[in-house]
Number of protein chains: 2
Amino acid sequence: MILQKTQRRPGPQGGIRDTNRKERLRALGDAALRLFLERGLDPVTIDDITQEAGVAKGSFYRYFDDKAALLESLLRPVRDEVLGALATCARALGKARDAEAMFDAYRALGAVLAGAVLTHAGVVRLYLQENRGAPTGTRQQLATLSDEISRSAILVARKGHTHGLLRKVHPAVSALTVVGAVERLLLAVLRGEEVGNPLEIPQALTSIILEGLRVPATSAR
Amino acid sequence: MILQKTQRRPGPQGGIRDTNRKERLRALGDAALRLFLERGLDPVTIDDITQEAGVAKGSFYRYFDDKAALLESLLRPVRDEVLGALATCARALGKARDAEAMFDAYRALGAVLAGAVLTHAGVVRLYLQENRGAPTGTRQQLATLSDEISRSAILVARKGHTHGLLRKVHPAVSALTVVGAVERLLLAVLRGEEVGNPLEIPQALTSIILEGLRVPATSAR
DNA sequence: AGAAAGTGTGACCACTCAGTCATGATTTTG
DNA sequence: CAAAATCATGACTGAGTGGTCACACTTTCT
């Protein structure tokens with residue numbers, strides 16, 4: 001785990017210093033996120049970020065080693081939440097004794113992820129925009145997260161498969177189909193593209209996925 | 001349409017100059033594609049490309065105005081093929097009189113796209129990696145193509161919907177679900193990720209999509 | 001209060017990169 | 001074959017860019 005550069009700083013918890021630090025951290029993070037979303041990771045310079053945040057360049061380096069460290073600080077909470085939810089789902093699936101319990105686990109996963117999307121809309125959108133790019137430099141950690149998510153999703157799908165819940169296709173195909181569909185739709189919503197009532201999408205998507213992935217109840221065609 | 005910088009050059013069709021030009025164009029394109037895939041668009045410099053291609057820097061500018069122009073030359077054939085196939089599919093759907101004819105149109109679209117993927121694997125993979133990034137600078141044209149594809153896909157889905165072929169969800173949801181799933185799976189295959197036998201994927205994906213999107217034949221759950 | 005520690009600032013430096021251009025070599029033309 | 005046109009080359013330039021640092025200022029500690 002990378003050490004935060006803001007550890008072991010003087011002053012009391014709620015003191016002036018502490019408050020200032022938090023404010024600057026927030027300003028830098030906000031500014032960077034705004035610029036990353038608008039222009040992409042690479043073209044945004046440290047000067048751009050500090051100017052947008054209304055802070056001197058030198059101050060940036062007091063808080064972060066470089067652009068990647070700033071991105072890491074934005075990403076960590078989301079990352080923890082998402083990977084945690086996937087792990088929880090995998091655990092619940094392991095314990096599930098019947099199909100209904102498994103559907104519950106999938107539903108719970110969906111709920112947690114939806115919550116994470118709402119509370120971290122900007123970072124999620126950044127992830128969606130950048131995670132497939134070449135895993136170089138600043139973008140590496142996004143690619144890594146993407147990998148971890150895919151692996152977890154495949155694991156979760158595999159459990160659904162060995163329990164005879166899902167269609168007989170390679171688990172990676174089931175998993176990546178869902179991941180791909182969800183990510184594309186989510187990106188459309190977060191970008192404000194025209195997709196009808198966003199609140200109906202989870203419902204629509206769920207039924208599409210269920211009908212498409214699970215073993216057909218009746219033998220239709 | 002942007003004019004190719006290599007128009008109106010002297011020498012006979014198969015002359016030495018003509019041959020050299022084609023060879024250099026190919027070397028630059030190949031080198032750039034390799035580097036773009038490996039490092040992403042922005043971090044690759046003109047110096048990188050010319051060095052990888054074994055060509056002097058000045059020569060680059062004899063053939064292309066800048067990095068974006070090179071990318072455009074790589075992208076154009078693929079772009080034309082894909083958008084053409086989508087347009088053809090939309091036309092066929094317009095003429096279709098029964099459900100079977102419509103499925104044929106969708107199948108034909110799939111076949112053409114599959115062919116394009118095979119003959120332009122590198123460029124397609126580059127598109128998949130970069131198309132969702134911020135539409136800035138060099139990446140703009142990829143974002144534009146992504147837009148055009150999504151719009152076409154929605155158009156195609158809308159026809160399937162008005163003909164009562166597809167589930168009652170917003171056409172954008174149907175379309176983006178498919179686009180997202182296909183793109184994610186394709187990326188996995190082109191990157192050599194473990195997804196089982198690649199040849200079985202189209203079959204699996206088709207049945208998943210059909211079952212998921214179309215109006216259920218029997219009323220199952 | 002005064003000393004010590006921490007913090008913000010922006011000028012500055014070394015380096016990178018896109019794009020240019022003078023030069024000499026190669027090809028075409030007549 | 002010789003003049004004219006085109007071409008490849010790589011040194012060079014000017015505009016940034018990442019990262020540093022001396023300095024002045026603020027907060028904390030004793």
Side-chain angles (χ1 to χ4, degrees), chain A residues 3-29 31-32 35-36 39-72 136-140, chain B residues 3-29 31-32 35-36 39-72 136-140:
Chain A
L3 280 184
Q4 277 289 55
K5 211 177 178 182
T6 47
Q7 277 181 344
R8 254 190 277 204
R9 293 281 176 86
Q13 200 63 343
I16 291 181
R17 286 245 158 120
D18 190 56
T19 305
N20 280 348
R21 279 197 293 267
K22 281 184 178 140
E23 166 56 20
R24 275 186 148 49
L25 235 22
R26 197 197 51 72
L28 285 170
L35 293 172
F36 287 161
R39 306 185 198 164
L41 254 26
D42 293 313
V44 174
T45 69
I46 309 289
D47 280 321
D48 290 336
I49 297 173
T50 52
Q51 189 173 344
E52 175 88 5
V55 153
K57 186 175 192 171
S59 297
F60 178 94
Y61 288 98
R62 181 171 300 282
Y63 290 99
F64 302 104
D65 283 330
D66 52 24
K67 222 164 41 169
L70 195 170
L71 178 60
E72 144 99 15
T136 310
T138 309
R139 209 174 296 98
Q140 173 120 35
Chain B
L3 278 184
Q4 277 289 53
K5 213 178 177 181
T6 48
Q7 275 181 345
R8 254 192 275 205
R9 292 282 177 86
Q13 200 64 344
I16 290 179
R17 286 249 157 113
D18 189 57
T19 305
N20 280 348
R21 279 195 292 266
K22 281 184 178 140
E23 166 57 19
R24 276 187 147 55
L25 236 20
R26 195 195 53 72
L28 285 170
L35 294 172
F36 287 161
R39 305 186 199 164
L41 254 28
D42 292 314
V44 174
T45 68
I46 308 288
D47 281 321
D48 290 335
I49 297 173
T50 53
Q51 189 172 346
E52 175 88 7
V55 153
K57 185 174 195 174
S59 297
F60 178 93
Y61 288 97
R62 180 171 301 282
Y63 290 101
F64 302 102
D65 282 331
D66 52 23
K67 225 167 35 170
L70 195 169
L71 177 61
E72 143 99 15
T136 309
T138 308
R139 208 174 298 99
Q140 172 121 36

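Below, read A as the first sequence line, B as the second, and so on, with proteins coming before strands; counting in each chain starts at 1. Just so you know, these numbers use all the heavy atoms, side chains as well, and skip hydrogens, waters and symmetry mates.
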L25(B) CG to R21(B) CZ distance, which is reported to the nearest 0.5 Å: 9.5 Å
How about I49(B) and K67(B): do any of their side-chain heavy atoms sit closer than 4.5 Å? yes
Within this structure, what is the CG-to-C1' distance between D42(B) and dA18(C), rounded to whole angstrom? 14 Å
Heavy-atom protein contacts under 4.0 Å, nucleotides 8-15 of chain C, coded B base, S sugar-phosphate only, - none: BBB-----
I46(A) atom CD1 is separated from dT17(D) atom P, nearest whole Å, by 11 Å
Given dG19(C), dG19(D), dT27(D), which nucleotide is nearest the side-chain atoms of I16(A)? dT27(D)
Atom pair distance, as rounded to whole Å: CZ in F64(B) and C1' in dC7(D): 16 Å
Winner on side-chain proximity to T45(A), out of dT28(C), dG18(D), dA18(C), is dG18(D)
Spacing between E23(B) atom CD and dC7(D) atom C1', to the nearest angstrom: 15 Å
Between dT7(C) and R17(A), counting only base atoms on the nucleotide and side-chain atoms on the residue, is there a donor-acceptor pair under 3.5 Å? no
Rounded to whole angstrom units, what separation is found between the OH atom of Y61(A) and the C1' atom of dA22(D)? 18 Å
Short N/O separations, protein against nucleotides 23-25 of chain D, under 3.5 angstrom:
none

